[in-house]
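Taking it in order: structure first as structure tokens, then the write-up.
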Amino acid sequence: MTVIVDAPRIEHHREPLGIGERMPRLSWTVASAPSGWRQDAYRVELERGGATTSHEVQSPEQVLVDWPGDPLSSRDIVTVRIAVRGADGAWSEASAPTTLEAGLLEPSDWVARPIGSIRNENAHSDQRRPSIVRREFEAQGGLVRARLYATAHGLYEAELNGERVGDDTLSPGWTVYGQRLRYYTYDVTDSVRPGTNAIGAWLGDGWYRGRLGWRGGFRNLYGADQSFLGQLELTYADGSREIIGTDHSWTSAASPILHSGIYDGEDYDAREEHRGWSSPGFDEAGWEGVQERHRDPATLVSPTAPPVRCTEELRPVEVLTGPSGSRILDFGQNLVGRVRIRVSGPAGATVTLRTAEVMQDGEIYTRPLRDARSADNYTLAGRDVEEWEPRFTFHGFRYVEVAGWPGDLDADAAAGALIARVYHTDLERTGWFDSSDPALNRLHENVRWGMRGNFVDIPTDCPQRDERVGWTGDIQVFGPTASTLYDVSGMLSGWLHDLAIEQLPDGTVPWYVPVIPADRMWTPIRPGAAWGDVATLLPWTLYERFGDTGVLRAQFDSARRWVDLLARLAGPSRLWNTGFQLGDWLDPAAPPQDPADARTDRYLVATAYFAKSARTVARMAEVLGLDEERVHYDALAAEVVAAFAAEYVNADGTMTSDAQTAYALGLRFDLITDPHRRDAAASRLAQLVRDAGNRIATGFVGTPLVSDALSAGGHIDTAYDLLLERECPSWLYQVEQGATTVWERWDSLMPDGTVNPGTMTSFNHYALGAVADWMHRVVAGLAPDAPGYRRIRFAPRPGGGLTSASARHLTPYGEAAITWRIEDGALHVEVTVPVGTEAVLDFVGVDEESVGPGIHSRTVRFSQ
Ligand code: RAM
């Protein structure tokens, strides 16, 4: 078998076009190699401007290795190939190439100026109408390359010669705009032609100046201006470059989009279209000039993650008629995106699409959306066929009530005419799970759909109501599951960058990132356990799952500042037992209007997280080689653990809060060090689960931990009982109720079929789905055992009557997989170990065994 190296990966990019790293790290996988083969050295071949350099490095590393060449300059195009050498001294062939291209790395590269309409946009009105902007330009023959670099204040969609540029949506996404505004790079070589061309852009309010926040929210949070910044660069065969940038020479007009908002949806009047506006030769009569606006080009950054895109289309599964005569489409899946329509009818007729996640009494039920209008209005121009989809909004929905449809909207008419388009950050899927239990598989799918709907540029709490912000606690608990299902490394490390920017000078981590003002509960910002701890725990998760030490380096200061703050708040007692805390948020025992009123003492939660974060910062320091810091934070962590044990753990191993979350924290965060007490605590936890009839009794904090606390504590059967329970509240209760996503509350839909009366009731919240990571690691049995899965632990713990399970994971080294089945009293396991890693086979009842790359099958005795 020859050694075959796959085309290398550049940093965490799916498409390395317009990248911002001057020294991008490289990773590769070895697709095949003879058994026992190990990489001894690698060679990076870089081809830049016709010259090739070759860099040989003696090293077994293959994930995120340092860039060996000269730093990149703006617009550099480099072709990268990798060859590897085994211990036998033989070199492989060079891999297939990956071509990367640097973006605009210097502020001085930006000659374009942001432009917006000169119309008085009445910045504070609700009905502020967005603009479109355009200009024409001449291109010569002999074009070899054309790139558009684009961004906006607000949202944009660019067009060139009558066609959409790119397929990204909601760009430039949501960052702390004042400091980091993303721009995107598009290859438009094939769209530019010799002679006259036209370029233009649609603009929308988006997060920048649209209504944002709950209880009415705010407008113009980042500014009142709406502007487009576009720099089109044409490179010719003779090496010359022409730049067509936004400036005063562009023109603008009122958009056919009359109003557009993230929460509210979009109103569009097709009679107001400027047909042909982005094509050359368009008559600009009635258009007006533009205003140049100011922006510091030093704030422009290129993305570290893929953009938001449409990744799937769904047709309605049913057309329902409500008691009021309303027509409602059921898409069969709670999803995030928007509806595309194809319609014929008289000019001036308006089609209204109102979305909802659930129905009550036969009609769509919109109370959970609170102040989000979540409706789109399309007014027809009266052409033969009109096709439309809103541009600058998204909805979380399963049902769409359609009003004003010309003609009858029966199932046949709806079939081709209304399509739900699913939108989210177009991350690469990395994790798959399957088992013999269809309900469990549906739960896993629900977790994945919940993740898709809430990874819309930033990791959000929910996608449907007037909120949709980057709640830190939610992603803190969901980070491991997210990292299992998709390659979130680029997206979340980018978001963590914003988090560090938003952190307060005293180290306080905001409740959500980016920060927007809210009611007195959240503004001014106060430090809260489990939420703020995202600053320490999420970088660590990314390191564990993707082998990225860079994210630890980048976030170390932020993480340390958080823990230093906790040390000050706790003082010499080392107990963080003061101030406002959310604690085990949404414990099912908490009343609907007071989700923080949990069974577990909120200060127990706070001190537990303090210990965990202090220890995590010590581990970060260790990886980064910061000895002094390691010693300091290890000592601090030891003191907190001791204080925790003295305050909250009784001599017999029970805890002062005799509640599942307390035990889950004590056990999973290693806060009960005495082995006897530990065993007693694990037994008590199992007893509590049984006493509760296996119904869930944990909120945001306990839920991601309780299954591991049980399985690692010797109570795997109880862990399965909890997982497979179907009565309310439980994971499978939601599945039984027909859920297609994970809900915010265990009983968002209550057993009597009514929607939970809480004002905060979403049907698409990922936090409580954090159990999926445990399903991969413990049910199927595929877990990282060294950073980046360099060592993999296959430790399936069959139970719960399952007869088979499997998981697959695209590790940074390639695909790892496990599949097991129980047959005739034996457990048959097959694992796949990618080249470059090693694996531990850890099966119940037999000694652990280390294996190398390849496929391995084992059969061990097994009795349920
Ligand atoms: C809700 C959010 C989120 C949670 C906060 C505390 O408003 O939806 O899930 O983190 O509360």
Side-chain angles (χ1 to χ4, degrees), residues 471-474 476-477 504 506-511 520-522 524-537 562-591 594-617 633 636-673 677 681 684-685 688 697-706 709 767:
W471 282 96
T472 49
D474 303 46
Q476 188 272 110
V477 301
L504 302 188
D506 72 354
T508 298
V509 172
W511 295 112
R520 284 219 312 266
M521 186 144 164
W522 314 111
I525 304 166
R526 298 175 275 188
W531 274 252
D533 295 283
V534 75
T536 57
L537 303 184
W562 170 249
V563 171
D564 290 350
L565 168 69
L566 304 190
R568 290 195 302 275
L569 290 170
S573 76
R574 298 303 188 215
L575 298 171
W576 184 13
N577 54 10
T578 51
F580 174 75
Q581 294 291 347
L582 299 178
D584 191 22
W585 186 249
L586 285 169
D587 175 333
D594 190 3
D597 188 13
R599 278 167 276 209
T600 300
D601 178 349
R602 58 192 81 194
Y603 294 132
L604 181 158
V605 173
T607 301
Y609 265 99
F610 176 22
K612 174 79 175 168
S613 274
R615 195 188 295 131
T616 303
V617 170
Y633 290 103
L636 175 63
E639 288 172 26
V640 184
V641 172
F644 178 92
E647 185 75 7
Y648 298 115
V649 187
N650 302 320
D652 63 356
T654 58
M655 296 181 71
T656 54
S657 286
D658 193 28
Q660 293 184 30
T661 293
Y663 290 99
L665 283 166
L667 292 163
R668 285 311 288 166
F669 286 5
D670 284 324
L671 307 174
I672 310 173
T673 41
R677 285 204 217 174
R684 181 64 195 151
L685 171 61
L688 286 173
T698 49
F700 271 35
V701 166
T703 300
L705 306 174
V706 66

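Note that this is a predicted model, so its numbers are computed, not measured. Side chains included, hydrogens not; waters and symmetry mates left out as well; all remaining heavy atoms used. Throughout, residue positions are numbered sequentially from 1 according to the sequence presented.
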**Verdict with supporting geometry, L671 and K612, side chain to side chain contact (heavy atoms under 4.5 Å, CB included)** = CA-CA 9 Å; L671 307 174; K612 174 79 175 168; over 6 Å; no
**Asked** Is there side-chain contact between W511 and L582, with at least one heavy-atom pair below 4.5 Å?
**Response** yes
**Prompt:** Do you know which two heavy atoms are closest between G699 and P588, and how far apart they sit?
**Reply:** N-CD, 4.4 Å
**Message:** To check you understand the geometry: which heavy-atom pair defines the closest contact between V509 and I525, and what is its length?
**Reply:** O-CG2, 4.1 Å
**Request:** Test side chain to side chain donor-acceptor pair (under 3.5 Å) on Q581 and Y609 and set out the steps.
**Result:** CA-CA 12 Å; Q581 294 291 347; Y609 265 99; over 6 Å; no
**Prompt:** For A681 and Y663, which heavy atoms make the closest approach, and how far apart are they?
**Reply:** O-CD2, 3.5 Å
**Item:** Basic-acidic side-chain contact under 4.0 Å: D658, R684
**Value:** yes
**Complete:** In this structure, CG of D506 is separated from CG of L504 (nearest 0.5 Å) by 5.5 Å
**Complete:** Paired with T661, the side chain to side chain donor-acceptor pair (under 3.5 Å) test is passed by just one of D584, D587, T703, namely D584
**Message:** Can you tell me how far apart CG (L575) and CZ (F610) are? Round to the nearest 0.5 Å.
**Reply:** 9.0 Å
**Request:** Walk me through it: do D670 and R615 pass the test side chain to side chain contact (heavy atoms under 4.5 Å, CB included)?
**Result:** CA-CA 10 Å; D670 284 324; R615 195 188 295 131; 3.9 Å; yes
**Item:** Heavy-atom closest contact (T607 atom, W576 atom, distance)
**Value:** OG1-N, 2.9 Å
**Request:** Over 60° means perpendicular and under 30° means parallel, so classify the ring planes of F700 and W531, tilted if in between.
**Result:** parallel
**Asked** Closest heavy-atom contact between Y648 and N577?
**Response** OH-CB, 4.4 Å
**Prompt:** Should P527 and W562 count as side-chain neighbours, where that means a heavy-atom distance under 4.5 Å?
**Reply:** yes
**Message:** Measuring from atom CG of L586 to atom CG of D597, what distance do you get when rounded to the nearest 0.5 angstrom?
**Reply:** 11.5 Å
**Candidate pair D533 and S613, rule side chain to side chain donor-acceptor pair (under 3.5 Å), full reasoning** = CA-CA 6 Å; D533 295 283; S613 274; 2.6 Å; yes
**Asked** Between atom OG1 of T656 and atom CG of N650, what is the distance when rounded to the nearest 0.5 Å?
**Response** 6.5 Å
**Request:** Mind checking the OG1-CG spacing from T472 to L537? Nearest 0.5 Å is all I need.
**Result:** 11.0 Å
**Message:** Does any part of the side chain of L705, heavy atoms only, come nearer than 4.5 Å to the side chain of F669, both counted from C-beta?
**Reply:** yes
**Prompt:** Under 3.5 Å, side chain of S657 to main-chain N/O of D601, donor-acceptor pair present?
**Reply:** yes
**Fill in**
Exactly one candidate in L685, L688, V701 meets side-chain contact (heavy atoms from CB on, under 4.5 Å) with V706; the answer is L685
**Prompt:** Any donor-acceptor pair under 3.5 Å linking the side chain of Y603 with the backbone of G583?
**Reply:** no
**Prompt:** Which heavy atom in S573 sits nearest to a heavy atom in A643, and how many Å separate them?
**Reply:** O-CB, 3.4 Å
